[in-house]
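Structure first, commentary second.
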Amino acid sequence: MKKSAAVVPVFRQRSIALAGLAAVLLLAGCASDTAIMGSGAMVTASDKTRMTQSGFLSDYARLKPAPGAEGVECWRDTKLDASKYDKVLISRIVVSLVPPKDQSEPPTIDPSDLKTLTDYFHNSLVTALKPQMQVVDKAGPGVLVMRIALTDLVPTKVSDSVAGTLIPYGFVVEAGSGAATGRPAGSTPYMGETGMEMQFRDGGSGAVVGECRDTEIGRKYAADVDGSTVGAAQTWASGYLNSFQAWSYAKNAFDKWSLLVAKRLGELRGVSP
């Protein structure tokens, strides 16, 4: 049967997309899946215009972009002596969703998805912090208590991602749509976003010693311009493949925050993270 003229471009575009992805993966060489995909740290980007103010933190006015934290806003007590903390308590992660700026109502999320996401974030933090600090379940002297609220959870619209990929020359339009709409470069209007607010307390006195917040946006076309060829290939492949799963970018954001927290605590405590 002869294919219609309308169908041919769609199949051609699909072939081009798959061929492009295959080329990206080949650039990474013959490695394991984990090595090919990389850490995923570059496939989300901080968006200061979407930072939340849910009421979970004590003072939002004093939050400022933290050096080396890739857009995360933080504050810490100038009298903080981080070296006295050798244990960390990660409190149960709570969810306090606020309506995104372009929606009038808070998003609805399946409770099973919420549990999966909060469990993932908790485990990611444990994995990142355990090499330098004992993870405990009770507060007390020498314990740094971490309180975390997820304040913005928007899944990727997978159907829109698939449709955008199949549109002839859709890549050219999509790749530039993030900056054109005020979102991070490489993002698109249907990418997922994830917001969090994080508070650090002294486990003995309960005093607030630090606070942070961030909102991360998924990047379907994530470019690592400063990395190696293999690193750039990993970033591109990870960003592209994650655009076809509803919550992948949220997990990428959790891993990024976990690594940033571990790195900063290690610096403040004078130990290797």
Residues in ring pair (Phe, Tyr, Trp, His ring centres under 6.0 Å) with Phe200, at least two apart?
none
Who pairs with Asn123 by side-chain hydrogen bond (donor to acceptor under 3.5 Å, both in side chains), at least two apart in sequence or on another chain?
none
Interatomic distance, CD1@Ile148 vs OG@Ser96, rounded to 0.5 Å, equals 14.0 Å
Just by distance, do the side chain of Lys256 and the backbone of Thr44 share a donor-acceptor pair under 3.5 Å?
yes
What closest approach, in Å, do Ser258 and Phe121 show between heavy atoms, and which atom pair accounts for it?
OG-CE1, 3.8 Å
So Tyr60 and Glu197, side-chain hydrogen bond (donor to acceptor under 3.5 Å, both in side chains) or not? Walk me through it.
CA-CA 10 Å; Tyr60 293 84; Glu197 297 178 10; 2.5 Å; yes
Can you get from Phe56 to Val261 by hopping between Ile, Leu, Val, Met, Phe, Trp and Tyr side chains that sit under 4.5 Å apart?
no
Closest heavy-atom contact between Leu117 and Phe254?
O-CE1, 3.5 Å
Any pair with a residue in residues 63-93 that passes disulfide (SG to SG under 2.5 Å), sequence neighbours left out, goes on the list, sorted by first then second residue, please.
Cys74-Cys212
Search all heavy atoms of Ala139 against all heavy atoms of Val145 and return the closest pair with its distance.
CB-CG2, 4.0 Å
Same cluster or not: Trp75 versus Val209, using hydrophobic residues (I, L, V, M, F, W, Y) connected whenever any side-chain heavy atoms lie under 4.5 Å apart?
no
So which atom in Met51 and which in Ser46 form the shortest heavy-atom distance, rounded to 0.1 Å?
CE-OG, 3.8 Å
Side chain to side chain contact (heavy atoms under 4.5 Å, CB included) test vs Thr215 passes for just one of Val154, Thr194, Thr49, Thr52, namely Thr52
Can you tell which of Asp47, Val72, Asp152, Thr151 makes a side chain to side chain contact (heavy atoms under 4.5 Å, CB included) with Asp214?
Val72
Establish whether Val126 and Val143 are linked, either directly or via other cluster members, by ILVMFWY side-chain heavy-atom contacts under 4.5 Å.
no
side-chain contact (heavy atoms from CB on, under 4.5 Å) partners of Asp59, counting only residues at least two apart:
Ala61, Arg62
Set of residues satisfying side-chain hydrogen bond (donor to acceptor under 3.5 Å, both in side chains) with respect to Lys138, sequence neighbours excluded:
none
Going by heavy atoms in the side chains, are Lys263 and Leu259 under 4.5 Å from each other?
no
Are side-chain heavy atoms of Leu57 and Val208 found at a separation under 4.5 Å?
no
Tell me every residue that passes salt bridge (charged side-chain N to carboxylate O under 4.0 Å, His left out) with Lys79, counting only those two or more places apart in sequence or in another chain.
Asp77
Point-to-point distance, once rounded to the nearest 0.5 Å, from CD of Gln134 to CG of Leu129
12.5 Å
Establish whether Leu260 and Val135 are linked, either directly or via other cluster members, by ILVMFWY side-chain heavy-atom contacts under 4.5 Å.
yes
Taking all non-hydrogen atoms of both residues, which atom of Ala45 and which atom of Arg219 are closest, and how far apart?
CB-CD, 3.6 Å
Considering residues at least two apart in sequence or located in another chain, which fulfil the side-chain hydrogen bond (donor to acceptor under 3.5 Å, both in side chains) criterion with Gln199?
Arg147, Arg201, Glu211
Is there any salt bridge (Lys or Arg N to Asp or Glu O under 4.0 Å) pair reaching into residues 120-130, and which pairs are they, with sequence neighbours excluded?
none
For Asp113, what residues pass the side-chain contact (heavy atoms from CB on, under 4.5 Å) criterion, not counting sequence neighbours?
Ile109, Asp110, Trp247
Taking only residues at least two apart or on different chains, which pairs with a member in residues 116-156 satisfy disulfide (SG to SG under 2.5 Å)?
none
Results of side-chain contact (heavy atoms from CB on, under 4.5 Å) for Thr118 - residues two or more places apart only
Ile93, Val95, Leu150
Pairwise distance CE(Met198) to CZ(Arg213) - rounded to 0.5 angstrom:
14.0 Å
Can you tell me how far apart OG1 (Thr127) and CG (Asp255) are? Round to the nearest 0.5 Å.
8.5 Å
Acceptor/donor pairs from residues 82-91 side chains to any protein atom, 3.5 angstrom cut, sequence neighbours excluded:
residue	atom	partner	partner atom	Å
Ser83	OG	Asp81	OD1	2.5
Tyr85	OH	Asp202	OD2	2.6
Ser91	OG	Met146	O	3.3

